[in-house]
2 protein chains.
Amino acid sequence: MAKPPKENSPITEHLAYLLAQANREINRQLELRLSKEGVPVEQWRILKVLSDGEGHSMGELADAVLLNHPTLTKMIDRMVSDTLVYRVQDPNDRRKVLMFISDRGKVLCKKLNSLAVDQEEHILENYGDKSTSELKRLLESLIDSSN
Amino acid sequence: MAKPPKENSPITEHLAYLLAQANREINRQLELRLSKEGVPVEQWRILKVLSDGEGHSMGELADAVLLNHPTLTKMIDRMVSDTLVYRVQDPNDRRKVLMFISDRGKVLCKKLNSLAVDQEEHILENYGDKSTSELKRLLESLIDSSN
DNA sequence: TTGAAAATATTGAATATTCAAGAATTGACG
DNA sequence: CGTCAATTCTTGAATATTCAATATTTTCAA
């Protein structure tokens, strides 16, 4: 009945560790695919968020793509140089900058999307339809419960 | 019946994104606790792996704590300065370095363990016993299926 | 209306990570 | 044996990230 004390449990049993490990592995796989277009995962996320055509402020974007502000600013600088996105001053609140995706960005985003879909399909094959959707559900609920 | 095409699905529905988000959040929480002792998460992992008292080579350690070799080397340098761990040349294979935890390291590791247990308990409370163990199971199996 | 506090984004310096190359040792095979 | 390839770890330079400070604009209350 008595469980072993958690203090001695190996690191591999901690949720934080399992999440880090799974994230690392899945991210590595995705990175590998996206590298075909020479684009880091974060840039794909940015393009994907912006591909709704709406303007998104830097703060909004930073939250959405899991980067902190200065890192995002510098990554956006690069993407502006590559003419994948562009900045517009928000007319309603001039503290803000609204980011938009360019036509070139849209084209690239489509290619990246299909590479990402490849990966998800690969996961579905190896891991199973049911496990995948169950895992997604649990992750969403974990994230929810952490706010 | 027809599902929407994956290409247009929002980023928040991708497994890779959900994993990144959950990992970020849980890691942030753990970081916050461990910061009470001024120790980054990776150092706790290192101490925990070494606390079996065996010598572990750098390569082994790097795999176990999810760091690549040069990053680990530099982090170990700091921990050696802090006398938390020490290096011993492997007598059987002099290319290798065996890492050991020091007494000071063991003391610190105990404190860190209980901070980490605090977090796991906090998760259990908010997220539930059942969800947690189910999530762990699914993550382990995802990791398995990725090799 | 004005002035202080909050919100937003960027910058620059400090820090950390990564990539590519190097040094040392071992293994394997002619 | 001898030497060449593979393994293991570290180093240094290039790159990226983070922290703290700054500039700008807005909000809000006195």
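Sequence lines set the chain letters: A, B, ... in the order given, protein chains first and strands last, and positions in each chain run from 1.
Considering only side-chain N and O atoms, A/Arg94 lies under 4.0 angstrom from the phosphate OP1 or OP2 of D/dT26.
With hydrogens and angles ignored, the 3.5 Å screen pairs a side-chain donor or acceptor of A/Glu60 with a backbone N or O of A/Ser57. Proximity of a side-chain donor or acceptor of A/Lys136 to a complementary backbone N or O of B/Glu13 within less than 3.5 Å is detected. A/Asp82 places no side-chain N or O within 3.5 Å of a backbone atom of A/Leu84 that could act as its donor or acceptor partner.
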Mind listing the N/O atom pairs, protein and nucleotides 10-12 of chain D, below 3.5 Å?
from: D/dT10; atom 1: OP1; to: B/Arg87; atom 2: NH1; distance (Å): 2.5
from: D/dT10; atom 1: OP2; to: B/Thr73; atom 2: OG1; distance (Å): 2.9
from: D/dG12; atom 1: O6; to: B/Lys74; atom 2: NZ; distance (Å): 2.8

Below 3.5 Å is the cut-off: list the nitrogen or oxygen pairs between protein and nucleotides 3-7 of chain C, distance only.
from: C/dA7; atom 1: O4'; to: A/Arg95; atom 2: NH1; distance (Å): 3.3

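Legend: residues meeting side chain to side chain contact (heavy atoms under 4.5 Å, CB included) with B/Glu140, ordered by chain and number and at least two apart, are A/Leu18. Under the side-chain hydrogen bond (donor to acceptor under 3.5 Å, both in side chains) criterion, B/Ser35 pairs with no residue at all, not counting sequence neighbours. Applying the salt bridge (charged side-chain N to carboxylate O under 4.0 Å, His left out) test to B/Asp63 and every residue at least two apart in sequence or in another chain returns nothing.
When the P atom of D/dT8 is taken as reference, atom CG of B/Leu67 falls 18 Å away, rounded to whole Å. Protein atom CE of B/Met75 is 8 Å distant from nucleotide atom P of C/dA16, rounded to whole Å. Distance CG (A/Leu66) to P (D/dT17): 13 Å, rounded to an integer number of Å. The separation between A/Leu98 atom CG and C/dT8 atom C1' is 12 Å, rounded to whole Å. For A/Asn92 and D/dT26, the CG to P distance is 10 Å, given to the nearest whole Å. Protein atom CG of B/Asn68 is 14 Å distant from nucleotide atom P of D/dC9, rounded to whole Å. Atom CG of B/Asp63 is separated from atom C1' of D/dT7 by 14 Å (rounded to the nearest Å).
Judged by distance alone, the side chains of B/Asp144 and B/Ser141 never bring a donor and an acceptor atom under 3.5 Å apart. Inspection of the B/Thr132 and B/Asp129 side chains reveals no N or O donor paired with an N or O acceptor under 3.5 Å.
Shown for residues 31-46 of chain A: no residue has heavy atoms falling under 4.0 angstrom of DNA chain D.
Ring-plane geometry between B/Tyr86 and B/Phe100 is classed as parallel, the angle between the planes falling under 30 degrees on a 0 to 90 degree scale with a further cut at 60.
Distances from the side chain of A/Asp93 to the nucleotides C/dA16, D/dT25, D/dA16 place D/dT25 closest. Checked against D/dT26, C/dA16, C/dT18, the side chain of B/Thr71 finds its nearest nucleotide in C/dT18.
Salt bridge present: A/Glu25 and A/Arg28 bring a charged side-chain N and a carboxylate O closer than 4.0 Å.
Comparing A/Arg78 and A/Asp90 along DNA chain D, the residue whose closest nucleotide (by nearest heavy atom) sits nearer the 5' end is A/Arg78.
Expressed to the nearest 0.5 Å, how far CD of B/Gln21 lies from CG of A/Asn23 amounts to 11.0 Å.
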